[in-house]
Amino acid sequence: MKIVVIDGQGGKMGAALTKQLIESFPESDVISIGTNSMATEAMLKAGAKMAATGENPVVVCTSDADFILGPMGILTAHSLL
């Protein structure tokens with residue numbers, strides 16, 4: 001199972017999700033993607049084995065992901081345009 005965690009800003013939510021997912025589903029591939037380097041660093045400190053930063057990793061890693069987790073902002077960006 002491939003689980004992608006996306007977070008930005010400070011990465012606190014992404015770090016918490018990453019830590020809980022790794023503990024709960026050790027057999028799964030948990031990939032942490034930060035929209036900036038601070039978020040990526042926070043998720044790496046939480047135990048992420050695979051991590052990346054930026055827009056392109058989001059596009060590439062989510063194309064075949066089973067689950068995509070993150071804050072509500074990843075769904076509602078530009079929704080009012």
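Sequence positions, counted from 1, serve as the residue numbers for this chain.
Shown here are the salt bridge (charged side-chain N to carboxylate O under 4.0 Å, His left out) partners of D64, two or more places apart in sequence or in another chain: K2. Partners of K45 under the salt bridge (charged side-chain N to carboxylate O under 4.0 Å, His left out) rule, at least two apart in sequence or in another chain, are E41.
Chaining together hydrophobic side chains whose heavy atoms lie under 4.5 Å apart leaves M38 on its own. Hydrophobic clustering, defined by side-chain heavy atoms of Ile, Leu, Val, Met, Phe, Trp and Tyr closer than 4.5 Å, groups M43 together with M1, I3, V5, M13, L17, L21, I22, F25, V30, F67, L69.
A chain of hydrophobic side-chain contacts below 4.5 Å, direct or via other Ile, Leu, Val, Met, Phe, Trp or Tyr residues, connects I6 to M72. Note on I33: it does not cluster hydrophobically with V59, by side-chain heavy-atom contacts below 4.5 Å among ILVMFWY residues.
Sorted by first and then second residue, the salt bridge (charged side-chain N to carboxylate O under 4.0 Å, His left out) pairs involving residues 4-13 (not counting sequence neighbours) form an empty list. Residue pairs that meet the side-chain hydrogen bond (donor to acceptor under 3.5 Å, both in side chains) test with at least one member in residues 23-37, sequence neighbours left out, are T18-S32.
Shown here for A39 and G34, the closest heavy-atom pair between the two residues is CB-CA, 4.0 Å. Across all their heavy atoms, V4 and C61 have their closest contact at CG2-O, 3.6 Å.
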Name the atoms and distances for all side-chain donor-acceptor pairs under 3.5 Å in residues 50-58, with sequence neighbours left out.
residue	atom	partner	partner atom	Å
T53	OG1	T40	OG1	2.6

